Amino acid sequence: LGNLKNHLVRERVIHGQSVENLVLLGLPDKEFSILEPRLEYVQLENAAVLEREGARIDEVFFINHGIALMVVETIEGKSVEVGLIGRGSMVGLQAAAGMDDFTHGVTMLTAGNGLRVATGALQESLPSMPELRRMLLRRLAIRSVELAQNAACNRIHSVKARLARLLLTMHNRLDTDLISTTQHALSRMVGTDRPTVTLSLSSLQQDGAIEVGYASINISKRKKLEKQACACYLISKRFDAELGLRT
Ligand SMILES: [Zn+2]
């Protein structure tokens, strides 16, 4: 709750751009002033590649707007999206734990922007930034719980319930009710084929929870969507609230 209070009262600007990333907003002034000169504001186009699978993490990104996707590619050349990163967290979290020689692929799911910092500069700053270190390691631990939950969710819960959970977690990371995404992207994220996703989306639309548009989903009745989501959403919701996202 301490962090939640802090970031609600703070306003920060870098290079004329307002900071929306909740980690950066949650930092005490002293720590923010250490990191600030090392941050570079960057526009992130839809599908921009932030990290390449298996590669060294040369740069990390504090997402300001938009959603980035973690992707795992198999040797057969198939890829599966395994997690979402938005303004509540950072792309390249492992680097905070000293592991910068391997990453999942990370690409932008939507257009957005963020603040980029060289991994070396971040790692040099961390010893003098105990709160940043704590926040990043906490997020890394949360991510490991969520990835385990996702693995169970994919085995046990229906596509419709998983899709409802996914849409809610996307909604939590955006400042709009209109999610720009394709059914193709959603089918990859829930790990099923596109016809099944189309059926589940129309079922959620019949429930009055969403309106399906061309390359977009409007979250019209969030409460109804929550009713359709699997119980895993309760865990996501708890963590998203901790990160300061809307839930
Ligand atoms: Zn589930």
Side-chain angles (χ1 to χ4, degrees), residues 7 10-26 35 39-53 57-72 79-95 103-117 119 122 135-136 139-140 142-143 146 150 163 165-190 210 213-219 222 225 236-237 239-247:
H7 73 67
R10 280 207 182 91
E11 275 185 35
R12 285 177 167 156
V13 174
I14 292 181
H15 308 311
Q17 307 287 338
S18 89
V19 174
E20 307 292 341
N21 181 276
L22 297 168
V23 177
L24 295 179
L25 288 178
L35 198 58
L39 294 169
E40 183 193 356
Y41 178 85
V42 281
Q43 289 289 344
L44 301 168
E45 305 297 326
N46 184 14
V49 175
L50 307 188
E51 309 284 358
R52 288 187 195 282
E53 174 148 346
I57 304 175
D58 293 323
E59 297 167 325
V60 300
F61 297 82
F62 294 92
I63 301 288
N64 238 3
H65 282 289
I67 296 176
L69 274 179
M70 287 189 287
V71 181
V72 171
S79 61
V80 180
E81 283 83 354
V82 294
L84 305 176
I85 307 167
R87 71 189 194 101
S89 192
M90 185 186 89
V91 173
L93 274 185
Q94 310 94 296
T103 177
H104 299 302
V106 182
T107 56
M108 291 300 287
L109 172 71
T110 65
N113 59 61
L115 292 145
R116 177 168 65 188
V117 56
T119 305
L122 178 84
M135 289 169 88
L136 295 180
R139 280 156 180 76
L140 190 59
I142 288 174
R143 183 173 295 167
E146 286 188 327
N150 290 350
L163 197 55
R165 175 188 176 212
L166 174 69
L167 291 172
L168 287 164
T169 52
M170 291 170 84
H171 194 222
N172 293 353
R173 281 157 183 76
L174 295 169
D175 49 15
T176 162
D177 292 336
L178 194 69
I179 301 177
S180 302
T181 187
T182 62
Q183 299 195 12
H184 175 68
L186 290 172
S187 71
R188 285 175 48 158
M189 280 183 271
V190 294
I210 60 170
Y214 176 75
S216 69
I217 311 284
N218 185 35
I219 310 296
R222 205 190 138 94
L225 192 56
S236 316
K237 184 175 173 165
F239 287 137
D240 282 356
E242 178 184 329
L243 301 186
L245 298 167
R246 76 164 152 194
T247 53

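These numbers were taken from a predicted model, which means no experiment stands behind them.
No donor-acceptor pair closer than 3.5 Å links the side chain of T107 to the backbone N or O of A48. At distances below 3.5 Å, at least one donor-acceptor pair connects side-chain atoms of R87 with backbone N or O atoms of E20. The backbone N or O of E53 sits nowhere less than 3.5 Å from a side-chain atom of T103 that would complete a donor-acceptor pair. Looking only at distances, a side-chain donor or acceptor of R139 sits under 3.5 Å from a matching main-chain atom of M135. Side chain of T119 to backbone of E59: a donor-acceptor contact under 3.5 angstrom is found. No side-chain donor-acceptor contact under 3.5 Å links S89 to the backbone of G86.
Between R173 and D240, at least one side-chain nitrogen of the basic residue sits less than 4.0 Å from a carboxylate oxygen of the acidic one, meeting the salt-bridge criterion.
Between L35 and F62 the shortest side-chain heavy-atom distance falls below 4.5 Å. Counting only heavy atoms from C-beta outward, the side chains of I63 and L115 never approach each other to under 4.5 Å. No side-chain heavy atom of M108 sits under 4.5 Å from any side-chain heavy atom of L69. Counting heavy atoms from C-beta on, the side chains of I219 and L225 come closer than 4.5 Å. Residues V60 and L50 form no side-chain contact, since every pair of their non-hydrogen atoms from C-beta on lies 4.5 Å or further apart.
Rounded to the nearest 0.5 Å, atoms CD (Q17) and NE2 (H65) are 9.0 Å apart. One distance of note links CD1 of I85 with CZ of F61; it measures 11.0 Å at 0.5 Å rounding.
With no hydrogens or angles considered, a side-chain donor-acceptor pair links R222 and H171 at under 3.5 Å. Remark: the R12 side chain and the N21 side chain contain no N/O donor-acceptor pair separated by less than 3.5 Å.
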